Amino acid sequence: MTAGGGAWVLGVDSGGSGVRCALGRAEEGSPAEVLTSDEPVRTGPAGIDAGRLLGQLVPAAMELLARTGAERVAAVAVGAAGMASLGDDLRAKLPAALAGALKVRRLALAADGVTAYAGALGQRPGAVVAAGTGMIALGTDLTRWRRADGWGHLLGDCGGGAWIGRAGLEAAMRAHDGRRGGSAALRERAEALFGPAAELPGLLYPRTDRPAVLASFAPEVARCAASDPVAATILREAARNIAESAAAVCPEAGPADGDSAHGTADESVSECEVALTGGLFHIGDALLAPVRQELAALAPHARTVPAAGDPLAGALLIASALAREELRLPHHPRMLWVTTERDG
């Protein structure tokens, strides 16, 4: 039986900076009550630690139910960083645990890229680039997901904050050594933030939060780009990487609605909306302008659009659609895993 629009649903956004929970009605656009924890969920031998996540999620849900006066939750959607690769423990434990604690039978477990997509574009075809410390692009034609990058700072995340910061610090070290490709401006900013250049390796390499430290230098690269050609080249290369990932996941151009029977192939090419979301894009036009230029060259049918909402809004949207049995985003065992056991 479909839950009505008046049913309550829970959206959860779990990432490196903590866990956010939102409880709202299943109608689209309804206001939600939000609780935030700054304690991130850890990973262990089985992947994302389901017990630690439940230890935050269930008390938060109970508090939100008490605040709103809601009696029960019709559906839950959990978006988690690392779900695609590290979500086995969550898939094994969350359905039974949430059924017992919250009496909920409809559950979606999503990669954080999927909740970013849903928050940005809802349930329509297109592509989303989520860029912060890392970078991932995700697209769908509503039949399957396409993913590009998001492989972490050692294997990818090309164009993301850690990538830009690392390139900027490399240019600073080149200037320190007197090698070609160095930037005196970036060396000056690196030493202002971290101390003498020769001591940077000893400061950086032991850090367990190395990607975040690298990403903290990305805004400095952006600030230098207006007057420093090396910094400007780094941002242009980052933009090219971001655009390549976006182009790789854009649904292929095809007949626009209503045109296929009458128009020519050239007349019927449809657009692909590409939403750019995440803290990296707060850098502004120093990055956004070259991203748009590179994307226009690589995928002429792509058009950048503002993101409608964030990943927490996306989790709430998925939960609402699941409660109403109107979830159109493609199911996938690692990207968007759904269970819909019925009551009784």
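Throughout, numbering of the chain's residues begins at 1 and tracks the sequence. All values reported here derive from a predicted model rather than from experimental measurement.
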Please report, to 0.1 Å, the donor-acceptor pairs under 3.5 Å made by any side chain of residues 127-135, with sequence neighbours excluded.
none

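Cluster membership check: Leu65 shares its hydrophobic cluster with Val78, using side-chain heavy-atom separations under 4.5 Å among Ile, Leu, Val, Met, Phe, Trp and Tyr. Cluster membership for Ile136 and Val274, using ILVMFWY side-chain heavy atoms within less than 4.5 angstrom, is not shared. In the hydrophobic cluster analysis, where Ile, Leu, Val, Met, Phe, Trp and Tyr join through side-chain heavy atoms closer than 4.5 angstrom, Val19 is grouped together with Leu54. The hydrophobic cluster containing Leu280 does not contain Val305, counting ILVMFWY residues as joined when their side-chain heavy atoms lie under 4.5 angstrom apart, directly or transitively. Neither Val58 nor Leu312 shares a network with the other; the hydrophobic side chains, linked directly or stepwise wherever heavy atoms of I, L, V, M, F, W or Y lie under 4.5 Å apart, form separate groups for each.
When all heavy atoms of Ile234 and Ala171 are compared, the closest pair comes out as CD1-CB, 4.5 Å. Shown here for His153 and Arg210, the closest heavy-atom pair between the two residues is NE2-NE, 4.0 Å. Closest of all the heavy-atom pairs between Ala307 and Ala120 is CB-CB, 3.7 Å. Here the shortest heavy-atom pairing between Gly24 and Leu316 reads N-CD1, 4.2 Å. Listed here is the closest heavy atom pair of Ala101 and Met62: O-CE, 3.2 Å. Of all heavy-atom pairs between Asp141 and Pro125, the closest is CA-CB, 4.2 Å.
Residue Glu326 holds its CD atom at 10.5 Å from CG of Leu317, rounded to the nearest 0.5 Å. Distance CD/Glu273 to SG/Cys250: 10.5 Å, rounded to 0.5 Å. Once rounded to the nearest 0.5 Å, the distance linking CD of Glu71 with CH2 of Trp8 reads 11.5 Å. Atom CG of Leu322 and atom CG of Leu336 lie 8.5 Å apart (nearest 0.5 Å). For the atom pair NE2 (His331) and OG1 (Thr339), the distance works out to 10.5 Å, reported to the nearest 0.5 Å. To the nearest 0.5 Å, atom CG of residue Asp228 and atom CD of residue Glu220 are 12.5 Å apart.
Using modelled atom types, no side-chain atom of Arg187 and backbone atom of Ala197 make a donor-acceptor pair closer than 3.5 Å. Under the 3.5 Å distance criterion, the side-chain polar atoms of Arg147 are matched with a main-chain donor or acceptor of Gly150. Under the 3.5 Å distance criterion, the side-chain polar atoms of Asp177 are left unmatched by any main-chain donor or acceptor of Arg179. The main-chain N or O of Gly152 is found under 3.5 Å from a side-chain atom of Asp157 such that the two form a donor-acceptor pair. Formation of a donor-acceptor pair under 3.5 Å by the His301 side chain with backbone atoms of Pro251 is found in this model. Of the possible donor and acceptor atoms, none in the side chain of Asp112 sits under 3.5 Å from a partner among the backbone N and O of Gly79. In this structure a side-chain-to-backbone donor-acceptor pair under 3.5 Å is missing from Arg25 to Val9. Side chain of Arg124 to backbone of Gly126: no donor-acceptor contact under 3.5 angstrom is found. Checking side-chain atoms of Asp149 against main-chain N and O of Cys158 turns up a donor-acceptor pair under 3.5 Å.
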### Message
For Arg189 and Cys224: C-alpha separation, side-chain torsions, deciding distance, then whether side chain to side chain contact (heavy atoms under 4.5 Å, CB included) applies.
### Response
CA-CA 9 Å; Arg189 293 310 308 145; Cys224 291; 3.8 Å; yes

### Query
Stepwise, does the side chain to side chain donor-acceptor pair (under 3.5 Å) test hold for Arg240 with Gln293?
CA-CA 9 Å; Arg240 184 183 64 80; Gln293 291 168 3; over 6 Å; no

### Query
Are Leu138 and Met335 close enough, and set up right, to give a side chain to side chain contact (heavy atoms under 4.5 Å, CB included), and what steps lead you there?
CA-CA 10 Å; Leu138 203 63; Met335 301 299 291; 3.4 Å; yes

### Task
Show the numbers, then the answer: is there a side chain to side chain donor-acceptor pair (under 3.5 Å) between Thr340 and Arg106?
CA-CA 4 Å; Thr340 55; Arg106 292 172 179 160; over 6 Å; no

### Step-by-step side chain to side chain donor-acceptor pair (under 3.5 Å) determination, Gln56 to Ser37
CA-CA 8 Å; Gln56 295 187 60; Ser37 166; 2.8 Å; yes

### Message
Working note: Val249 + Thr140, criterion side chain to side chain contact (heavy atoms under 4.5 Å, CB included); need CA distance, chi angles, decisive distance, verdict.
### Response
CA-CA 7 Å; Val249 303; Thr140 184; over 6 Å; no

### Query
Is there a side chain to side chain contact (heavy atoms under 4.5 Å, CB included) between Val338 and Leu327 once you walk through the steps?
CA-CA 10 Å; Val338 176; Leu327 184 59; 4.0 Å; yes

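Looking only at side-chain heavy atoms (C-beta outward), Glu191 and Leu200 stay at 4.5 Å or farther from each other. Annotation: side chain of Cys21 is in contact with side chain of Leu64 (closest heavy-atom distance under 4.5 Å). The side-chain heavy atoms of Ile242 and Glu294, taken from C-beta on, include no pair separated by under 4.5 Å. In this structure, Phe217 and Arg166 have side chains that are not in contact, with every pair of non-hydrogen atoms separated by 4.5 Å or more. Side-chain contact between Glu244 and Leu298 is present, with heavy atoms from C-beta onward closer than 4.5 Å. Taking 4.5 Å as the limit, every side-chain heavy atom of Arg72 sits out of range of all side-chain heavy atoms of Val104. A 4.5 Å side-chain heavy-atom check between Ser216 and Phe194 finds at least one atom pair inside the cut-off. Leu329 is listed as a side-chain neighbour of Leu142, based on a closest heavy-atom distance under 4.5 Å.
Arg20 and Asp310 are joined by a salt bridge, as a carboxylate oxygen and a charged side-chain nitrogen come within less than 4.0 angstrom of each other.
For residues 111-137, the set of pairs meeting the ring pair (Phe, Tyr, Trp, His ring centres under 6.0 Å) definition, not counting sequence neighbours, comprises Tyr117-Trp145.
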